[in-house]
Amino acid sequence: MTRTVIRGGLVITAAEELAADVLIEGEQVVALASSGSSVAEGWTAEHVIDATGQYVIPGGVDAHTHMELPFGGTSASDTFETGTRAAAWGGTTTIVDFAVQSVGGTLREGLDAWHAKAEGNCAIDYAFHMILGDVTEGSLKEMDLLVGEGVTSFKLFMAYPGVFYSDDGKILRAMQRGADNGGLIMMHAENGIAIDVLVEQALAAGKTDPRYHGEVRHELLEAEATHRAIKLAQVAGAPLYVVHVSAASAVAELAAARRQGLNVFGETCPQYLFLSTDNLAEPGFEGAKYVCSTPLRPKEHQAELWKGLRTNDLQVVSTDHCPFCFVGQKELGRGDFSKIPNGLPGVENRMDLLHQAVVDGHISRRRWIEIACATPARMFGLYPRKGTIAPGADADIVVYDPAAVQTVSAATHHMNVDYSAYEGRQLTGKARTVLSRGTVVVDGDRYLGRAGHGRFQPRATCQYLV
Ligand code: URP
Ligand code: ZN
Ligand code: ZN
Ligand code: ZN
């Protein structure tokens, strides 16, 4: 078995920081020992990676991506091949993508279709959640089977009537089933019925620009749906994970539920922490680049999201990576903001944006690793194989240069999308060497990964629940 030693770096996990060397055999970490100790000095290895002056961190776990998602009359522009390659460049070594059950279709058909898209194409390891697009007696029963296959979380939509939408009765049934089989219900919490009324009224009044996307998706309609989802989960006796939280008032709902002792969890995304309605209001049609749901909020919301991340009322930062090119895709909504495909690119940028948050003093280094690696791994049953550096864990490791300065740009990123939501932003910190299960996939400017290295990861159920 190939032995690799990573020498002289500062190992950072959610639990601790230590000056240690890391010994890898084959695909796994086998030992850590203080740098310079006789134990570490005694290790011999074929490959030695010098990490002096660098951080040695677990590979990022992005628990929310949409590679190749058919949506809004088009399809997300990153394939599993291009999207996982870009993730690797950005220091993310596991993604959890959303397989989709179509209306009238089964969970099995949806899951098989996603396996077919991903298998043999991924540069890094991957797992699936399942979107319940059609809650029926049949699909409720199928949930049990999927949990047994390691697809242990199910997304429901209170938004998008006519597409993915479930009414409260369907949501309650799915939650009850999840309470029985251990599946974690993930909620897109926006009142889609009310939003559609506001969309219709805005368009009738000639309000067609991208910025109206933010106005009609009112923050109180996120808070209301979040509140309702929490109560439905409470009635069902089910835990709840609310995805892509953007509104301060929705964070308050989560915080209140957690004070009550409910198993309610919240995820936010870099776009809500770093971008705002100012971007949606950029001149011309530029704002279309920032159309996603939940929408970007006024800047004041950002402080509440950072606070939530510090107080653990929000636990996870995922990207909701769902890229659409500006040319030909976002442009579908010229003259009608409601036709702009919803979603932002970001799978490559998350680790660096969150490191910038460390530099800016929003979060600590260990909290960075906790919200981007360890907690998503625990939340979705991948820990400690993923999300930490410890004996027995997969050697998904990033040697991270905390002093490297980079300027984010579509001209240099690796995502298959023709713009960057963070164009021109200067960030401090960058992944230097990225290992996926012991294999170096990125080394400085060189890409050494290969499509098909990444393996499907069956998951346990949420590890925060007893
Ligand atoms: O705008 C978004 N978030 N697009 C992806 C689909 C979803 O709702 O997560
Ligand atoms: Zn969503
Ligand atoms: Zn409330
Ligand atoms: Zn999403």
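Each residue takes its place number in the sequence, starting with 1. Just so you know, ligand 1 is whichever comes first in the structure, and atom 1 is the first atom listed for that ligand. Since we're looking at a predicted model, the values are computed, not measured.
S153 contributes atom OG, which lies 11.0 Å from atom CD1 of I131 (distance to the nearest 0.5 angstrom).
What sits closest to atom 6 (C) of ligand 1 on the protein, heavy atoms only, is H66 NE2, 3.7 Å. Remark: minimum distance from atom 3 (N) of ligand 1 to any protein heavy atom is reached at D320 OD2, 2.5 Å. Nearest non-hydrogen protein atom to atom 8 (O) of ligand 1 is H188 ND1, 3.1 Å. Looking at atom 1 (O) of ligand 1, its nearest protein heavy atom turns out to be S293 N, 2.8 Å. Scanning the protein heavy atoms around atom 4 (N) of ligand 1, the nearest turns out to be N342 O, 3.1 Å.
At a heavy-atom cutoff of 4.0 Å, ligand 1 is contacted by the side chain of C322 but not by its backbone. Proximity of F98 to ligand 1, defined as any heavy-atom pair under 4.0 Å, is not found for any part of the residue.
Residue-ligand proximity: F164 is placed with every non-hydrogen atom at 4.0 Å or more from ligand 1.
D144 and R177 are joined by a salt bridge, as a carboxylate oxygen and a charged side-chain nitrogen come within less than 4.0 angstrom of each other.
The aromatic ring centroids of F154 and H129 lie 6.0 Å or more from each other. For an aromatic pair to be called close, the ring centres must be under 6.0 Å apart, and Y126 with W114 fails this. Ring-centre distance between Y447 and H414: not below the 6.0 Å cut-off. Taking the six-membered ring for Trp and the full ring otherwise, the centers of F71 and H66 sit at least 6.0 Å from each other. In this structure, H321 has its ring center at least 6.0 angstrom away from the ring center of H64.
Looking at heavy atoms from C-beta onward, Y160 lies out of side-chain contact with I195 at the 4.5 angstrom threshold. Side chains of V398 and M351 form no contact here, defined as non-hydrogen atoms less than 4.5 Å apart.
For the Zn ion (ligand 4), protein N/O/S neighbours under 2.8 Å (waters excluded) are H64 NE2, H66 NE2, D320 OD1.
Near C292, meaning under 4.0 Å from any of its heavy atoms, are these atoms of ligand 1: 1 (O). For ligand 1 and F157, the ligand atoms under 4.0 Å from any heavy atom of the residue are 8 (O). Interface atoms of ligand 1 facing G343, defined by a heavy-atom separation under 4.0 Å, are 1 (O), 2 (C), 4 (N).
Relative to atom 7 (C) of ligand 1, the option among M186, K155, Q271, H213 with the closest non-hydrogen atom is K155.
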Derivation and outcome, side-chain contact (heavy atoms from CB on, under 4.5 Å), residues F265 and V242 | CA-CA 6 Å; F265 307 103; V242 182; over 6 Å; no
List the steps and the verdict of side-chain contact (heavy atoms from CB on, under 4.5 Å) for M379 and Q463.
-> CA-CA 6 Å; M379 190 70 70; Q463 292 163 321; over 6 Å; no
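Geometrically, K289 engages F326 in a cation-pi contact, judged by NZ or CZ lying under 6.0 Å from the ring centre and within 45° of the ring axis.
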